[in-house]
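Following: one structure in structure tokens, then a few remarks.
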Amino acid sequence: MFFVRNITLKILLLLSVATNAVLLFRGNATRATPDPIVSPAARPIASPPLSVAPPGTTDPAAFAVALRSTSLPERLIRSVLAAEIDEKFRDREAVLLPPKNKTLEWWQSDNTPVPLASRLALLALHREKSRLRVELLGPDPDAPDDGSSLPPAKREAVRLLAADYDETVDAIEHGGISERFLLPAEKAALASLKEQQKTELAALLTPAELADFELRTSSITEDIRDELHGFDATDQEFTAIYEFWKKENSGGGFFGHNLFFSEEEIAAPLKAILGDERFAEFRRAGNYEFGKIRSLVQRAGLPPETAAQVYDLRVHLEQESTRIVDDDSLSVAEKLAALQKLARETRAGIGAKLGPDAAAAYLPNAEKWLSLVDRGDGIHFLSHGWIGTGVSLPPPPPAPAEPR
Amino acid sequence: MKIPLAVALLLSLAVNGVLLLRRPSPPAGRPPPASVPAVPVIVSFAENPAGAIAAAWKLSADAGPRSFAARLRAAGVPERLVRALVTAAIDAEFRARETALRPPPKKLKFWQADDTPLPFQSRLALLDLQREKAKLRVAILGPDPAAEADSTYAQLPPEKREPAKTIVDDYDAMLASLRDQSSGLPLPSEREQIAFLEAQRHRDLAEALGSDEVADLERRTSPVAGRVRGRLRYFDASPGEFRAVFAAESAIIAMPTTDAGNEADVVLSPEAAREQAAEKARLLSELKSSLGEARYAEYLRVKQYDYPRIADLSLRAGLPPDTAGRVFDLRDRIAAESQRIAHDDTIDADQQRAALKTLAATSRAQLAALLGPEVSAAFSSRSESLLRELENGQYVVFGENSTSFQTIQPLPAQK
């Protein structure tokens with residue numbers, strides 16, 4: 001019996017010692033193994049070239065090579081390189097800017113000006129930084145496709161070039177102040193910057209690329225894009241409008257000119273190219289009020305042609321109100337009655353075309369001119385859709401005094 | 001000495017217990033955030049920066065940005081790079097959901113604009129995503145240094161600054177976009193959407209902050225505060241003065257506009273317009289009492305269109321800070337003198353014209369002496385338009401709210 005007990009104890013002791021060994025081994029193994037969430041052991045990790053100096057003080061180019069030799073996604077590589085480049089330039093940028101006034105309360109503004117020389121030095125620094133970004137980061141994968149035919153790297157270089165110059169020009173021209181008074185040195189600097197930007201652009205692009213870039217970014221193209229609501233010019237129409245405007249434009253832009261609204265003879269060549277119908281659409285599309293009506297119609301989910309119908313009611317009101325005021329065959333009372341009827345009919349027409357929701361949005365605004373017609377005014381709309389002085393009726397003769 | 005088997009077994013079992021209870025200790029260095037388990041360092045940033053980042057990414061590829069941040073920090077990656085990398089990782093995680101909420105980009109010619117309106121439900125969903133993203137970013141990265149540096153949020157405890165700034169920025173961007181889209185003609189449904197977002201903004205702020213903090217922050221971030229701040233740029237307002245101007249201007253701005261040439265919401269009846277004018281006068285009178293005569297006069301002056309332009313110009317040219325005030329003093333003297341000449345019954349019209357010409361010449365010389373040749377040249381586009389009118393026999397009147405030198409009246413008919 002004692003023998004059997006002794007054997008059992010020996011077996012238990014052996015089992016316990018074996019358990020000790022297993023536990024001891026497991027404990028060491030646990031310390032050497034990363035946490036199970038990411039199970040790294042199965043994944044080999046590429047050994048990138050060493051870049052031992054701390055980023056921010058090292059050559060970002062070497063760091064970029066090292067990062068790209070790993071399997072790190074490109075977006076992460078770009079983020080870390082962008083942060084590195086920012087860090088590399090931070091101190092040089094900081095010395096060019098006036099120190100931040102930390103004693104200002106939240107409602108106070110820091111009016112300390114940045115000297116012109118510092119602005120220009122900052123531009124030089126930003127150009128250096130942008131060139132490094134293009135070199136190390138390459139094209140931005142998230143940049144919207146603008147349909148440009150430029151190779152992606154050039155597109156990015158051109159984008160950054162425009163952004164750098166725009167920022168500097170805006171800082172000199174405005175600096176948070178609209179219509180800033182410019183010192184002679186600032187005017188000269190702006191003229192010089194324009195030339196400098198042209199030179200840089202010409203060095204970056206081939207002549208054909210440069211011509212295409214100028215076409216896409218010209219103020220005329222911007223006007224066509226921003227102001228011709230829903231005109232949807234075809235290739236031929238765009239070229240015709242662009243070339244015509246380039247020839248005619250004296251720097252005032254679309255709305256600095258009477259092309260859309262009154263001077264028929266100025267626009268005659270364009271009318272000949274577009275044809276009567278498309279020319280009428282072109283003029284209407286450029287009208288500010290039409291743009292607002294079109295947007296309202298679109299948002300209200302109404303048929304697109306509703307916008308033109310409502311706009312035509314407004315044009316009819318203008319023509320008819322002026323005709324009534326000028327009609328010598330009518331007495332003052334008759335004119336007033338006719339104008340009030342016209343205003344009522346226009347209100348009703350707009351309401352019928354737009355339906356209750358869109359009419360509730362438009363009519364209170366339209367009352368600005370409808371109420372004038374109600375009071376006996378002829379209405380004249382100016383180029384941007386604003387109200388003209390109108391043609392007021394003469395005041396009615398005083399009512400005869402009632403006998404006491 | 002022989003150890004009895006039973007004792008040896010007991011000892012071994014005790015060792016079993018100790019080994020079972022033993023836990024591995026975390027690696028030395030920066031403690032990880034409480035919600036993330038300790039992570040081992042595979043590659044140290046100090047030894048191999050690119051390798052450390054790549055290893056951290058690889059090992060946390062399936063575990064999300066929180067684990068990525070923990071591994072980057074454990075490897076000793078500098079915090080500014082952790083911020084850049086984790087922000088990019090969070091953006092990547094949300095990109096597909098954000099893209100799904102936006103209408104697919106149209107294939108347009110470069111001279112065409114995409115004006116497809118974004119449905120309100122998509123806007124709300126995008127807003128939710130932005131909020132979710134921001135919460136995750138703050139939870140992993142802590143407060144954003146940009147929010148820390150913004151004096152608008154400086155009164156809040158540090159941990160509340162970024163959440164508050166995110167709420168304000170997200171809602172304000174969404175509201176601005178909605179208002180912009182409505183082109184001054186909001187549909188009834190769009191008015192409701194704007195009201196809903198404004199209420200939601202307030203609710204979210206109330207959740208993140210205390211009620212006093214919300215009221216204060218609403219005041220600081222309101223469009224009226226931005227406008228008043230801009231107007232008082234060269235006024236150097238005390239806290240009390242700012243509060244008084246803010247109170248008056250916010251009440252005036254809330255009034256419906258009656259300018260028929262602008263984006264008027266309503267057309268006021270003549271009676272309502274008179275009431276509005278009276279209320280405005282009362283508010284300004286209260287403001288005058290609050291600021292005092294002299295400061296109220298300064299307030300009216302800094303509000304004028306040209307004042308900040310002259311102040312900005314003279315600062316850039318290194319002239320004394322009171323230059324703008326002195327130019328306005330001169331301007332007012334010219335106006336008063338031109339009126340005196342124009343109404344002087346003791347001289348005839350020719351003499352009046354000659355006196356106005358002399359006034360123009362002396363004023364030009366005074367301005368040049370005050371500003372110097374460079375600043376005078378920069379300012380000449382404005383000053384010359386006034387002085388030339390004087391030379392042409394006109395006199396000038398500036399009203400309380402006039403914004404330029406151009407309110408010039410013709411001389412009365414020759415007596």
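Every heavy atom of this structure was used, including side-chain atoms; hydrogens, water molecules and symmetry mates were not. Numbers restart at 1 for each chain; the letters A, B, ... are given by sequence-line order, proteins then strands.
Neither the backbone nor the side chain of A:Thr112 has a heavy atom closer than 4.5 Å to any heavy atom of chain B. Residue contact with chain A, scored on non-hydrogen atoms closer than 4.5 Å, involves the backbone and the side chain of B:Leu85 alike. Heavy atoms of B:Ser376 lying under 4.5 Å from chain A are absent altogether. Contacts of B:Asp91 with chain A are absent, with no heavy-atom separation under 4.5 Å from either backbone or side chain. For A:Ile77, no part sits under 4.5 Å from any heavy atom of chain B, backbone or side chain. Neither the backbone nor the side chain of B:Ala154 comes within less than 4.5 Å of any heavy atom of chain A. Heavy atoms of A:Thr217 lying under 4.5 Å from chain B are absent altogether. At a 4.5 Å heavy-atom cutoff, the contact between B:Arg95 and chain A is made by side-chain atoms alone. Within the 4.5 angstrom heavy-atom criterion, no atom of A:Glu222 approaches chain B. With a 4.5 angstrom heavy-atom cutoff, B:Phe68 touches chain A only via side-chain atoms. When heavy atoms are compared at a cutoff of 4.5 Å, B:Pro239 approaches chain A by way of both its backbone and its side chain. Contacts between B:Gln181 and chain A at a heavy-atom distance below 4.5 Å involve backbone atoms as well as side-chain atoms. The part of B:Phe242 that comes within reach of chain A is its side chain, from C-beta onward, which places non-hydrogen atoms under 4.5 angstrom from that chain. Looking at A:Ala300, both its backbone and its side chain come within 4.5 Å of chain B, counting heavy atoms on both sides.
Within a 6.0 Å sphere centred on NZ of B:Lys106, heavy atoms belonging to other residues, nucleotides or ligands number more than 12. With a 6.0 Å radius and a threshold of 12 heavy atoms from other residues, nucleotides or ligands, B:Arg243 has its CZ atom at or below the threshold.
Rounded to the nearest 0.5 angstrom, A:Thr221 OG1 and B:Phe110 CZ are separated by 5.5 Å. The line from OH of A:Tyr288 to OG of B:Ser183 is 7.5 Å long, rounded to the nearest 0.5 Å.
B:Trp111 and A:Phe238 have parallel rings, their planes meeting at less than 30° on a 0 to 90° scale where 60° marks the start of perpendicular.
Of the listed residues A:Leu215, A:Asp235, A:Leu116, the one with more heavy-atom pairs under 4.5 angstrom with chain B than any other is A:Asp235. The candidate from B:Ser182, B:Ala225, B:Ser189 with the greatest count of non-hydrogen atom pairs under 4.5 Å with chain A is B:Ser182. Between chain B and the residues A:Leu104, A:Asp142, A:Val114, the largest count of heavy-atom pairs under 4.5 Å involves A:Asp142.
In terms of heavy-atom proximity, A:Ala233 sits nearest to B:Gln112 at O-NE2, 3.8 Å. Minimum heavy-atom separation, B:Ala378 to A:Leu182: CB-O, 3.0 Å. When all heavy atoms of A:Ala361 and B:Pro186 are compared, the pair lying nearest together is CB-O, 3.1 Å. Scanning both residues, B:Ala89 and A:Leu76, for their nearest heavy atoms gives N-CD2, 3.7 Å. Counting all heavy atoms, side chain and backbone alike, A:Val80 lies closest to B:Leu81 at CG2-CD2, 3.8 Å. The two residues B:Ala50 and A:Leu67 make their nearest non-hydrogen contact at CB-N, 3.8 Å.
With contacts defined as side-chain heavy-atom distances shorter than 4.5 Å, the pair B:Asp312/A:His174 does not qualify. Counting only heavy atoms from C-beta outward, the side chains of B:Lys109 and A:Asp232 never approach each other to under 4.5 Å. Two residues are said to be in side-chain contact when any heavy atoms from C-beta on lie closer than 4.5 Å; B:Arg233 and A:Ile177 meet this criterion. Under the 4.5 Å side-chain criterion, counting only non-hydrogen atoms from C-beta, A:Gln108 is in contact with B:Asp236. Contact of the B:Arg80 side chain with the A:Asp86 side chain is not registered, since no non-hydrogen atoms from C-beta on lie closer than 4.5 Å. Taking the side chain as every heavy atom from C-beta outward, A:Leu183 and B:Leu313 approach each other to under 4.5 Å.
With hydrogens and angles disregarded, a donor-acceptor distance shorter than 3.5 Å links the side chain of A:Trp107 to the backbone of B:Ala237. The closest donor-acceptor contact from the side chain of B:Arg229 to the backbone of A:Ser109 lies at 3.5 Å or more, if one exists at all.
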